[in-house]
Asks: 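One structure is given below, represented as structure tokens, and several questions about it will come after.
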Amino acid sequence: MLTPSEPTSRSVVDALGIPAERVRTVPHGVEAPTPVPAGRLLEVRQRYRLGTELVLYPAITYPHKDHLTLVRAFARLAQDRPELTLVLTGGAGPAEAEVAAAVRASGAGDQVRRTGRIPWSDLDALYELASVVAVPSRFEGFGAPALEAMATGAPLVAADATALPWVVGDGGLLVPAGDEVAWAETLARLLDDPDERRRLRDAGRARAAT
């Protein structure tokens, strides 16, 4: 049996009773990103009405993806950061209405962009534009957006949950899942520290290459 991460392999052994020697971990890979032309970046920035700072989370609105923690953490920052935009890409899932309600209740709805599904070319541009990529998911068997962020050199903050720490390693910052205060503090610290963002860009690329 093949799984994409060591935590998933351990879960298969524990939950299904399959002998460990019959389970192999084969991590997902990602192609080396192609730099997005400056004109294309400007077009995407204007089309999605982005501020000069951008937090990106690409995920379908499934409950376990925990958009709610990120929206609430973002609301703690947005009032004092009018140029900060939260972009939530991905299709509508079972928690879509709940996420939309949280955005409306946040008081920061004018700074949130819920795009739905978008072309890969737009997502590539958003990764390159992102000040931070946030992955607050409470459960992942792997966590492809974390790997994609690191490969593109986007500073990454991810939940310290299930397979994400195994994928991220030292290529990003880990925050307790569901702790909106800790998420707000970590995002603010990273947004205010260009040296740390540069460090994470380099660390993420090196981690993704493994």
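We count residues from 1, following the sequence as given.
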Asks: Please go through V23's hydrophobic cluster and name the other residues, only I, L, V, M, F, W, Y counting, with side-chain heavy atoms under 4.5 Å joining them.
Replies: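 ILVMFWY cluster around V23 also holds M1, V12, V13, L16, I18.
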Asks: In this structure, would Y57 and F139 fall into the same cluster of hydrophobic residues linked by side-chain contacts under 4.5 Å?
Replies: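 No; tracing contacts between hydrophobic side chains, which count when under 4.5 Å, never links both residues.
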Asks: Where do S11 and T8 land on the side chain to side chain donor-acceptor pair (under 3.5 Å) test, with the steps shown first?
Replies: CA-CA 5 Å; S11 295; T8 302; 5.9 Å; no
Asks: What residues join I60 in its hydrophobic cluster, counting side-chain heavy atom gaps under 4.5 Å, either direct or through other members?
Replies: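 Cluster partners of I60: Y62.
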Asks: State, to 0.1 Å, how close A161 and A177 come at their nearest heavy-atom pair, and which atoms those are.
Replies: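 Where A161 meets A177 most closely, the heavy atoms are CB-CB, 4.2 Å.
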Asks: Can a donor-acceptor pair be found, under 3.5 Å and without considering hydrogens, that links the side chain of R113 to the backbone of R49?
Replies: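 Side chain of R113 to backbone of R49: a pair is present.
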Asks: State the CG-CZ distance between L2 and R22, to the nearest 0.5 angstrom.
Replies: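 Reported value, rounded in 0.5 Å steps: 11.5 Å.
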Asks: Determine, stepwise, if the pair L190 / L200 fulfils side-chain contact (heavy atoms from CB on, under 4.5 Å).
Replies: CA-CA 10 Å; L190 194 51; L200 288 175; 3.6 Å; yes
Asks: Can you tell if the side chain of T162 reaches within under 4.5 Å of the side chain of P7, non-hydrogen atoms only?
Replies: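 No - every pair of side-chain heavy atoms lies 4.5 Å or more apart.
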Asks: Going only through I, L, V, M, F, W and Y residues with side-chain contacts under 4.5 Å, is there a path from V26 to V167?
Replies: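 No, it is not one cluster - the side chains of V26 and V167 are not joined through contacts under 4.5 Å.
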Asks: Do L164 and R138 have side chains that get closer than 4.5 Å, going by heavy atoms?
Replies: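 No, their side chains stay 4.5 Å or more apart.
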Asks: Just how far is it from atom OG1 of T115 to atom CG of L126, taken to the nearest 0.5 Å?
Replies: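 If we round to the nearest 0.5 Å, T115:OG1 and L126:CG are 7.5 Å apart.
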Asks: Are any non-hydrogen side-chain atoms of L77 and V55 less than 4.5 angstrom apart?
Replies: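 With C-beta onward as the side chain, the pair stays apart.
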Asks: Taking salt bridge (charged side-chain N to carboxylate O under 4.0 Å, His left out) as the definition, give me every residue that meets it alongside D122, ordered by chain and number, with sequence neighbours left out.
Replies: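 D122 satisfies salt bridge (charged side-chain N to carboxylate O under 4.0 Å, His left out) with R40, R47 only.
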Asks: By side chain to side chain donor-acceptor pair (under 3.5 Å), which residues pair with E6, not counting sequence neighbours?
Replies: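 Checked E6 against side chain to side chain donor-acceptor pair (under 3.5 Å); matches are T25.
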Asks: Could you walk me through whether E96 and T61 pass the side chain to side chain donor-acceptor pair (under 3.5 Å) check?
Replies: CA-CA 5 Å; E96 182 72 23; T61 49; 2.7 Å; yes
Asks: With sequence neighbours excluded, give me every ring-ring contact (aromatic ring centres under 6.0 Å, His included) pair touching residues 140-192.
Replies: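 Qualifying pairs: H28-F142.
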Asks: Quick one: salt bridge (charged side-chain N to carboxylate O under 4.0 Å, His left out) partners of D80, sequence neighbours excluded?
Replies: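 If we apply the salt bridge (charged side-chain N to carboxylate O under 4.0 Å, His left out) test to D80, skipping adjacent residues, there are no hits.
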Asks: Is the closest side-chain heavy-atom distance between R207 and V168 below 4.5 Å?
Replies: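 No - every pair of side-chain heavy atoms lies 4.5 Å or more apart.
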Asks: Salt bridge or not for D192 and R81, using N-O below 4.0 Å?
Replies: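 Looking at R81 together with D192, the answer is yes, because their closest N to O distance falls below 4.0 Å.
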Asks: Go through the steps to decide whether F74 and V112 satisfy the test side-chain contact (heavy atoms from CB on, under 4.5 Å), and finish with yes or no.
Replies: CA-CA 9 Å; F74 179 81; V112 178; 4.0 Å; yes
Asks: So V132 and L187, side-chain contact (heavy atoms from CB on, under 4.5 Å) or not? Walk me through it.
Replies: CA-CA 8 Å; V132 181; L187 291 172; 3.8 Å; yes
Asks: Using a 6.0 Å cut-off, check whether atom CD of E21 has over 12 heavy atoms from anything other than its own residue.
Replies: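 Check passes, neighbour count above 12.
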Asks: Drop me the distance from H64's NE2 to S137's OG, to the nearest 0.5 angstrom.
Replies: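 The NE2 atom of H64 sits 4.5 Å away from the OG atom of S137.
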Asks: Roughly how far, to the nearest 0.5 Å, is CD of E148 from CG of L123?
Replies: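 Answer for the CG-CD pair, L123 versus E148, is 6.5 Å.
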Asks: If you measure from CG on L86 to CD on Q111, what distance do you get to the nearest 0.5 Å?
Replies: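 Separation between the atoms: 9.5 Å.
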Asks: With heavy-atom distances below 4.5 Å as the criterion, would you say the side chains of L129 and V36 are in contact?
Replies: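 When only atoms from C-beta onward are counted, V36 and L129 do not touch, as no gap falls below 4.5 Å.
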Asks: Regarding D66 and T69, do their side chains bring together a donor and an acceptor under 3.5 Å, going by distance alone?
Replies: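 Yes, side-chain donor-acceptor contact under 3.5 Å.
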Asks: Provide the closest heavy-atom pair for A108 versus A78 in the form atom of the first, atom of the second, distance.
Replies: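 Answer, listing the atom of A108 first, then A78: CB-CB, 3.6 Å.
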Asks: Are P27 and S5 side-chain neighbours, meaning at least one heavy-atom pair lies under 4.5 Å?
Replies: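 Not in contact.
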Asks: If you round to the nearest 0.5 Å, how far is CG of L156 from OH of Y127?
Replies: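 Between atom OH of Y127 and atom CG of L156 there are 9.0 Å.
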Asks: Salt bridge or not for E185 and R76, using N-O below 4.0 Å?
Replies: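 Result for this pair is no, no salt bridge flagged.
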Asks: Please report the C-alpha distance between L68 and E98 in whole Å, then the side-chain angles of each, then the deciding distance to 0.1 Å, and finally whether the side-chain contact (heavy atoms from CB on, under 4.5 Å) criterion is met.
Replies: CA-CA 8 Å; L68 300 182; E98 194 174 3; 3.3 Å; yes
Asks: Is it the case that atom CG in D110 sees more than 12 heavy atoms from other parts of the structure closer than 6.0 Å?
Replies: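 No, because the 6.0 Å sphere around CG of D110 holds 12 heavy atoms or fewer from other groups.
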Asks: With a 3.5 Å distance limit and no angle check, can you tell me whether R24 reaches the backbone of S9 through a side-chain donor-acceptor pair?
Replies: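 Here the side-chain-to-backbone pair does not exist.
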Asks: Decide yes or no for R201 and P155: does some side-chain heavy atom of the first lie under 4.5 Å from some side-chain heavy atom of the second?
Replies: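 R201 vs P155: side chains touch.
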Asks: Got a sec: does the CD of E196 have more than 12 other heavy atoms crowding it under 6.0 Å?
Replies: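 Yes, enclosed.
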Asks: Which atoms form the tightest heavy-atom contact between T52 and S131, and what is the distance?
Replies: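 Looks like O-OG, 4.4 Å.
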Asks: Quick one: are R114 and V103 in side-chain contact, heavy atoms under 4.5 Å?
Replies: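 They are not in side-chain contact.
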Asks: Has the side chain of R45 got a donor or acceptor atom that lies under 3.5 Å from a matching backbone atom of G51?
Replies: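 Confirmed, R45 side chain pairs with G51 backbone.
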